[in-house]
4 protein chains.
Amino acid sequence: MEEAHLAPSVRVPRQGRSKASYERMLVAAEELLVTKGGEAFTLSEVSRLGQVSIGSIYCRFESKDALVQSVQLRVLDRVDTRMLTQVVAAREAAGSLLAIVPLLVEAVAETLREHAPLLRPLMQRATHDPIVAQTGKASYASTAAAVRSALLAHRAEIRQDDPERAVDSCFRVLYAAIARYLGFGSAKEAAWEGRWDVLKQDLGRMLAAFLMMPSA
Amino acid sequence: MEEAHLAPSVRVPRQGRSKASYERMLVAAEELLVTKGGEAFTLSEVSRLGQVSIGSIYCRFESKDALVQSVQLRVLDRVDTRMLTQVVAAREAAGSLLAIVPLLVEAVAETLREHAPLLRPLMQRATHDPIVAQTGKASYASTAAAVRSALLAHRAEIRQDDPERAVDSCFRVLYAAIARYLGFGSAKEAAWEGRWDVLKQDLGRMLAAFLMMPSA
Amino acid sequence: MEEAHLAPSVRVPRQGRSKASYERMLVAAEELLVTKGGEAFTLSEVSRLGQVSIGSIYCRFESKDALVQSVQLRVLDRVDTRMLTQVVAAREAAGSLLAIVPLLVEAVAETLREHAPLLRPLMQRATHDPIVAQTGKASYASTAAAVRSALLAHRAEIRQDDPERAVDSCFRVLYAAIARYLGFGSAKEAAWEGRWDVLKQDLGRMLAAFLMMPSA
Amino acid sequence: MEEAHLAPSVRVPRQGRSKASYERMLVAAEELLVTKGGEAFTLSEVSRLGQVSIGSIYCRFESKDALVQSVQLRVLDRVDTRMLTQVVAAREAAGSLLAIVPLLVEAVAETLREHAPLLRPLMQRATHDPIVAQTGKASYASTAAAVRSALLAHRAEIRQDDPERAVDSCFRVLYAAIARYLGFGSAKEAAWEGRWDVLKQDLGRMLAAFLMMPSA
DNA sequence: TATGAATGAGTATTCATTCAT
DNA sequence: GATGAATGAATACTCATTCAT
């Protein structure tokens with residue numbers, strides 16, 4: 001991740017005491033993001049829940065937005081790490097394109113689902129906050145790269161004329177379908193409710209069929 | 001659409017003068033929804049832009065939310081009509097499953113794209129406003145029904161074990177991919193930018209490959 | 001009652017149709033005064049409940065206050081009539097001071113109690129509206145005169161030095177105690193709850209004891 | 001007074017600066033309650049008169065109502081203290097029922113009169129605000145207890161069958177007559193104007209006559 | 001005369017941000 | 001550094017009154 005570009009204006013303390021209260025701010029903000037939703041949480045709530053004064057928050061963060069951006073950085077760090085691990089595992093477990101597709105679907109779907117409670121409100125904020133939007137895109141791009149490369153490891157089996165493009169389309173469709181199911185940006189109105197398994201299965205079949213189908 | 005259930009508390013005037021200012025409110029609200037985004041438009045702005053007093057707005061609409069809900073009803077009415085027309089046209093133009101799939105992708109994609117500037121902020125509001133969410137879902141369901149039925153008209157060509165389910169998955173994936181591209185709920189950060197044609201084409205191929213692939 | 005001085009600016013129609021809608025305004029206002037309380041009723045509610053347009057109300061009454069004042073005039077007319085009847089009845093039924101005192105207490109107490117639901121909100125409005133206050137005082141004065149005269153009919157039995165003053169004090173105390181019990185002006189927080197009979201009885205004893213006690 | 005139950009949500013500051021502005025809010029609110037009346041004072045006025053920002057008010061008080069409730073608590077504290085002192089003084093100064101009655105009338109009457117300018121608007125608000133009503137009742141009850149007990153100290157001289165009841169009725173009548181005179185809840189339309197002394201004197205005689213009169 | 005749509009000043013309340021201590 | 005009291009602009013909403021039709 002391009003932390004240099006995207007890092008919000010923060011002073012990260014090194015000492016124990018400071019570090020601890022800094023931690024509490026971020027944890028409190030994270031929790032409130034989940035419970036109150038992306039827009040409806042206030043700095044007083046962060047102050048109360050995190051046992052930190054409002055002044056302290058402004059000591060570390062330039063603004064409320066900067067605080068949220070820092071939370072996002074932490075969250076996406078966990079998500080990206082997990083995602084990478086899962087994708088790599090899928091890559092190692094599978095010997096063929098047919099085998100790896102459902103594993104990748106599973107990896108992406110489950111990783112996003114695990115972190116949905118935080119990704120949802122962050123996506124919401126991306127609407128207003130271009131920095132959150134950009135950071136989100138960076139994380140998306142890193143996942144995209146991992147998944148594309150895992151698929152391209154079986155390039156020989158791909159029968160589409162332009163394997164790069166095909167693999168790219170696969171990831172976009174996969175991510176979009178999962179994200180919509182999980183209500184990212186929209187709400188927690190899961191379009192599918194109990195059919196999570198069906199979605200994953202059919203998504204796998206769809207991508208496999210596509211990749212293995214001759215272009216013509 | 002279940003207007004009876006979802007219609008916000010509105011008094012729709014019939015007379016010329018009244019009708020005109022009523023119209024101006026809705027048009028102003030629509031415009032502000034597009035320019036300011038779903039959350040950041042105020043009633044004073046509607047009042048100013050629409051040349052209507054705030055009291056007048058409250059004369060027609062119970063609340064700010066009710067105004068937005070009315071805008072949504074108008075917009076979705078246009079969207080649903082257009083969508084249905086396009087899907088029916090696709091249905092009539094195509095003689096086979098292979099032919100209809102890209103036409104349906106085109107129909108859905110272009111209809112959503114035409115109305116994206118308004119659908120985007122409305123999706124955004126769906127996050128907070130359950131009525132907007134429900135109305136949105138109803139519109140989604142009506143499109144889903146039309147597309148599924150158009151596909152099932154070629155049921156004989158579908159080689160998946162469970163054609164209903166397959167067709168359902170197709171629509172979900174199709175809608176999710178297009179909506180994400182158009183930034184519904186997320187922002188106007190189109191993930192793909194110039195690759196609109198690629199998305200539509202590959203989506204078509206994917207769905208066709210899936211439907212015509214034997215389940216086993 | 002000094003209608004000349006206190007009558008609000010009203011045009012009372014004589015014709016059938018007009019008269020009927022005029023009536024409906026007053027009835028609706030009366031009902032809302034009772035159900036919503038003295039301050040919390042709007043002219044739109046009167047318009048709705050009375051099946052009269054707001055314009056019609058302003059056609060008859062100069063202002064919302066004038067409407068309430070007219071309601072008050074009607075209500076106090078009923079109250080005064082009833083009160084006078086009851087006081088006269090007491091006067092005719094009793095042959096002695098000792099006999100008439102409890103009858104007068106009963107007359108005043110029950111008449112006020114019957115009309116409490118309307119008198120309460122009107123008293124409340126008297127706080128802000130000097131005309132309502134003055135009209136209320138006039139009604140109070142007319143009751144006072146009747147009660148005082150009924151007591152002074154037994155002047156010979158009054159042992160206080162100044163019978164006029166004594167009788168005056170009696171009425172004031174009587175009225176105050178009953179009005180407070182009924183929550184006039186204060187709320188419907190009856191101070192005594194179930195002890196209505198006790199209040200009336202002890203009030204009677206108190207007044208009798210006072211009137212028949214030698215001044216010294 | 002049951003401060004625990006009735007205390008509005010307030011943060012009372014201890015430091016000098018804070019304490020000062022906190023004080024200014026309450027003083028300003030008190031003053032406006034007196035000059036504008038219970039209903040017609042706004043927070044902007046409090047802000048202006050008290051030289052405090054609106055935000056500051058909301059920093060201390062949950063709502064406008066909570067501010068008024070706090071003012072009430074302060075006022076009733078003064079009233080209750082003064083009342084108790086006066087009643088105790090009367091009790092100690094008098095050796096007989098006949099002697100204490102006018103002293104108690106005097107104590108109650110003068111204490112309420114001193115604080116009438118504030119008690120009047122507070123009574124007014126009790127109409128809408130149940131907490132103000134309840135707090136008012138609590139203060140009333142504490143005065144009632146003190147007066148009843150002072151009278152019952154001369155129980156032997158009371159010739160009514162049920163001294164507790166008699167003493168109770170006495171207080172109710174006393175309080176009602178004084179409160180009505182002072183225009184509590186009604187307006188500042190003192191019914192008696194210059195006859196304050198007459199009211200007090202006759203009230204005293206009335207109560208004494210009642211208490212010392214044999215029940216039969 | 002009757003109508004009821006239109007007006008708009010006015011109210012309570014919120015909350016990110018600042019700054020004196 | 002840390003605190004949290006203070007700020008005040010901004011927002012949704014109300015309702016008596018007016019006036020064009």
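Residue numbers start from 1 in every chain, and the chains themselves are labelled A, B, ... in the order their sequence lines are given, proteins ahead of strands. We use all heavy atoms of the structure for the numbers below, so side chains are in, but hydrogens, waters and symmetry mates are not.
Under 4.0 angstrom from either OP1 or OP2 of dA12(E) there lies no side-chain N or O belonging to Ser63(D). Of the side-chain N and O atoms in Ser21(C), none sit less than 4.0 angstrom from OP1 or OP2 of dA2(E). At dT14(E), none of the side-chain N or O atoms of Tyr58(D) fall inside 4.0 Å of OP1 or OP2 (strictly under the cut-off).
Shown here are the side-chain hydrogen bond (donor to acceptor under 3.5 Å, both in side chains) partners of Ser53(A), two or more places apart in sequence or in another chain: Ser56(A). Ile54(C) pairs by the side-chain contact (heavy atoms from CB on, under 4.5 Å) definition with Ser44(C), Ser47(C), Tyr58(C), not counting sequence neighbours. Residues that satisfy the side-chain hydrogen bond (donor to acceptor under 3.5 Å, both in side chains) test with Arg48(D), not counting sequence neighbours, are absent from this structure. Residues passing the side-chain contact (heavy atoms from CB on, under 4.5 Å) test with Gln51(B) are Arg24(B), sequence neighbours excluded. Residues forming a salt bridge (Lys or Arg N to Asp or Glu O under 4.0 Å) with Glu31(D) (at least two apart in sequence, or on another chain): none. Under the side-chain hydrogen bond (donor to acceptor under 3.5 Å, both in side chains) criterion, Glu39(D) pairs with no residue at all, not counting sequence neighbours.
Ranked by how close their nearest DNA chain F nucleotide is to the 5' end, Ser53(D) and Gly55(B) are led by Ser53(D). Looking at which nucleotide of DNA chain F each of Ile54(D) and Glu39(C) is closest to, the 5′-most match is held by Ile54(D).
Rounded to an integer number of Å, the gap from CZ of Arg24(D) to P of dA5(F) is 15 Å. One interatomic measurement links the two molecules: NZ of Lys19(B) to P of dT21(F), which rounds to 19 Å at whole-angstrom precision. Spacing between atom OH of Tyr22(C) and atom P of dT1(E) amounts to 14 Å, rounded to whole angstrom units. Look at CE on Met25(C): it is 11 Å from C1' on dT3(E), rounded to the nearest Å. In this entry the distance linking CG of Leu67(D) with P of dT13(E) reads 10 Å, nearest Å. Straight-line distance from the CZ atom of Phe61(A) to the C1' atom of dA2(F): 15 Å, rounded to whole Å. Between the P atom of dT1(E) and the CD1 atom of Ile57(C) lies a distance of 16 Å, rounded to the nearest Å.
In this structure, CG on Leu122(B) lies 10.0 Å from OG1 on Thr135(B), to the nearest 0.5 angstrom. In this structure, the separation between OG1 on Thr127(C) and CD on Gln124(D) is 4.5 Å, given to the nearest 0.5 Å. The distance from atom OH of Tyr22(A) to atom SG of Cys59(A), rounded to the nearest 0.5 Å, is 12.0 Å.
The Lys64(A) side chain lies nearest to dA16(E) when the options are dA2(F), dT14(E), dA16(E). Between dA6(E), dA2(E), dA12(F), one nucleotide has an atom nearer to the side chain of Cys59(C) than all others, and that is dA2(E). Distance from the side chain of Arg60(A) is smallest to dA2(F) among dA2(F), dA2(E), dA16(F). With dA6(E), dG8(F), dG1(F) as the choices, the nucleotide that has an atom nearest any side-chain atom of Ser56(B) turns out to be dA6(E).
Residues from residues 40-52 of chain C with heavy atoms under 4.0 angstrom of DNA chain F, sorted by number: Phe41(C), Thr42(C), Leu43(C).
Arg60(C) and Ser18(C) share a side-chain donor-acceptor pair at under 3.5 Å.
Secondary-structure annotation of DNA chain E gives the stems E:2-21 with F:2-21, with a stem taken as at least 3 successive Watson-Crick or G-U pairs whose two distances both fall under 3.5 Å.
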